Amino acid sequence: MNEAKIPAPEAPANPPDFIRKRIREDVAKNKNHGRVITRFPPEPNGYLHIGHAKAINLNFGIAREYQGACHLRLDDTNPEKEEQEYIDAIREDVRWLGFDWGGHLYHASDYYDRFYTYAVELIEKGLAYVCHLSPDAIREYRGTLTTPGKNSPFRQRPADENRALFERMRRGEFKEGECVLRAKIDMEHPNINMRDPAIYRIKHAAHPRTGDKWCIYPMYDFAHCISDALENITHSLCTLEFEDHRPLYDWVLDNITIPCHPQQIEFARLELTHTLLSKRKLLQLVQEGIVNGWDDPRLPTIRGLRRRGYTPEAIGAFCRAIGVDKTNSVIDIGTLEYHLREDLNRRAQRVMAVLHPLKVVIVNYPDNQAETFSAENNPEDPASGTRPVPFAKTLYIEQEDFQESPPKGYFRLAPGREVRLKHAYYITCQAVIKDEATGEIKEIHCTYDPGSRGGSTPDGRRVKGTLHWVAAEHALDAEVRLYSHLFTRPDPNQAPAGQDFRSALNPQSLVTLPACKVEPSLRVAMAGDRFQFMRHGYFCVDPDTTPARLVFNRTATLRDTWAKMMQKGQGQPE
RNA sequence: UGCCGGGUCGUCCAACGGCAGGACAGCGGCCUUUGGAGCCGUUUAUCGUGGUUCGAAUCCACGCCCGGCAGCCA
């Protein structure tokens, strides 16, 4: 609705991280003619999450800072695991995060012919051979982390024979697993990745993009470096687990005829407390129905965050704040939430919503009177204007804003106590009406001071508490979904013996409030619109919303000093 | 235990060999028509032992601890 348009902050990460420093040096030396081209290369076998957002912001951010380019490349070299569904989702998510690959959308499968030609070149140079060892035998021959491997009996096949065999592999004359093309490097190499790694394997599977054209597919180590080089990538940024693969990356490019040799640089992947960023475990959460799909607002997936009400700007600010390094680190999820609140505070329109309604009757307010107050939309942004908010004799306030016997320090409504209704009047509690049988509070009777109209009085007397409210007859019904951390433990994987991360699931991660009352201006709210429910937090309209029923998701709570005081009080014997 | 990488406040990130700084969290206060926001203040750290040096988080040596690697996954 009236959400402030905040331009994406273009400031580079501050101070420059080790990758940017290195790139700066390269540019200064005029390496690659001073050009910077990066790439984001997801495998389309899952949905993107906040960890990918770190890589996306890094790669696209650097390209933007150097007026270079960042390619989006789908790394689709394994037809058994990849699906078009994921490809579409990845494109959508990257764009939503605020990045544009221009014309540079590629697929590793675009290069299948080139890969094949380069494999033949290695064969002809005597640097690759077809190996008929079984997978088990290959493992045995590879040796272990501490003992060297030994040469395959097929290692000395002449180039001509290898070439013919490889061609037969391509034509589908072999069964899966029967043989494989291997780089001929060194079976005693201390780096296991260099012990004649497989570079092509047989998979009689149709590929989402190339169909039945191929039944042999290149391995990551062979395809990735060549893809980078074919696209003239200057800096190939990847996560730490590929550090051991860099020698192989370089070996392949050094041994084929290709003019470009990108520099691989590794950085630590993102880890966050109170959530999971493993593809496998995310998939498990979805498949076991622990969450409601890939866009469940409790998930750290980009779609989940989007549905939760996160902004791409907040995610970008978070990525800049955490920096990039090689140390394995675990970021407190509070840091993410901080950047979210900071962004939403500037841009989200304020609105009044009562989550747990308690009826209040203003006994001295004329029965059929109604008036309208003008409420500022966002005190942080005067340009956001105001909206009308109707007031009437019967209102709802928050149940927790009234206490019959208030504890020390409680500023809200209590018998005989005067508080301010935001934007409206001062009211004083005169009576508490209870259900005779249950003792449950049914409604509160108050008087109002007509002289306090607008929220202050001529005598200048002060009230400690200011409550939000909605007029009963004008209020809209809404369902509100209160989300909190999916896991109770900071590290869900640190589970008691015999249990897994599921033992850390937070049973309160979703609490649905079906009968909330919200102010009438929300009638025109659209799915995705973000608001601050005053004194509660940030909420956004869920796509489940229908014309008949508004549904809101809680994006984040506001800082709640009172709740914190209460919590602390409980911990200590007074 | 072969190879690779990494150890700076509770957390994350800084610091040409020259006063260890910032952010988040915490704590205290101010302010407030959101117990929000904002503002001010504040606690806390260089893995260890030697060495080089006028001077070491930074360089060297030896340890210690943590992570990654033995897919025809990426």
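Every value quoted in this text rests on a predicted model; they were computed, and no experiment measured them. Letters A, B, ... are given to chains in the order of the sequence lines, protein chains preceding strands, and every chain is numbered from 1.
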*Name the residue closer to the 5' end of RNA chain B, choosing between A/R350 and A/N191 according to the nucleotide with the nearest heavy atom.*
A/N191
*Quick one: on RNA chain B, does A/T561 or A/F18 contact a more 5' nucleotide (nearest heavy atom)?*
A/F18
*Evaluate the ring-ring contact (aromatic ring centres under 6.0 Å, His included) criterion for residues A/H71 and A/Y106: first the C-alpha distance (whole Å), next the side-chain angles of each, then the deciding distance (0.1 Å), finally the verdict.*
CA-CA 7 Å; A/H71 301 179; A/Y106 305 108; 5.0 Å; yes
Separation between the [atom1] atoms of [N] and [M], rounded to whole Å:
N	M	atom1	result
B/rC73	B/rC9	C1'	40 Å
B/rG29	B/rG55	P	46 Å
B/rA15	B/rU58	P	14 Å
B/rA37	B/rC24	P	12 Å
B/rG48	B/rG10	P	13 Å
B/rC16	B/rC59	P	11 Å
B/rG17	B/rC12	P	25 Å
B/rC4	B/rU43	P	43 Å

Of the nucleotides [options], which has the atom closest to the [X] side chain?
X	options	value
A/E241	B/rG68, B/rU34, B/rA15	B/rG68
A/I322	B/rG36, B/rC12, B/rA14	B/rC12
A/D17	B/rA14, B/rC72, B/rG36	B/rA14
A/Y338	B/rA74, B/rC24, B/rU34	B/rC24
A/F242	B/rA74, B/rC69, B/rG36	B/rA74

NA contact type, [X], heavy-atom cut-off 4.0 Å: base, sugar-phosphate, or nothing?
X	value
A/Y200	nothing
A/K279	nothing
A/P42	nothing
A/E266	nothing

Using a distance-only criterion (donor-acceptor N/O pair, under 3.5 Å, no hydrogens), is the base of [N] paired with the side chain of [X]?
X	N	answer
A/E271	B/rG67	no
A/R201	B/rG71	no
A/H245	B/rA74	yes

*When you measure from the centre of the six-membered ring of A/Y116, is the NZ or CZ of A/R170 under 6.0 Å away and within 45° of the axis?*
yes
*Mark yes or no: A/K203 above the aromatic ring of A/Y217, with NZ or CZ under 6.0 Å from the six-membered ring centre and no more than 45 degrees from the axis.*
no
*For B/rG68, decide between syn and anti, treating a glycosidic angle within 90° of 0 as syn.*
anti
*asked:* Any side-chain to backbone donor/acceptor pair from A/T38 onto A/N59? Under 3.5 Å, distance only.
replied: yes
*Check: A/R195 side chain, A/R142 main-chain N or O, donor-acceptor pair, under 3.5 Å*: yes
Between [X] and [N], is there a contact of a side-chain N or O with OP1 or OP2 at under 4.0 Å?
X	N	result
A/K564	B/rA25	no
A/R559	B/rC24	no
A/R420	B/rU32	no
A/T77	B/rA74	yes
A/T273	B/rU11	no
A/R142	B/rG71	yes
A/R535	B/rG35	yes

Across all strands, who's sitting opposite [N] as a Watson-Crick or G-U wobble pair, both distances under 3.5 Å?
N	value
B/rG17	none
B/rG67	B/rC4
B/rA56	none
B/rG26	B/rU42

Would you call the rings of [X] and [Y] parallel, tilted or perpendicular, taking 30° and 60° as the class edges?
X	Y	value
A/H224	A/Y249	tilted
A/Y112	A/F115	tilted
A/H245	A/F242	perpendicular

Just the atom pairs and distances: protein N or O near nucleotides 5-8 of chain B's N or O, under 3.5 Å.
none

_What's the separation between atom CD1 in A/I23 and atom CD1 in A/I265, rounded to the nearest 0.5 Å?_
5.5 Å
_Can you tell whether the side chains of A/R387 and A/E519 come within less than 4.0 Å, N to carboxylate O?_
yes
*Ring-on-base stacking between A/W562 and B/rG35, under 5.5 Å between centres and under 30° between planes: is it there?*
yes
*In whole angstroms, how far is the P atom of B/rG36 from the CD atom of A/E398?*
16 Å
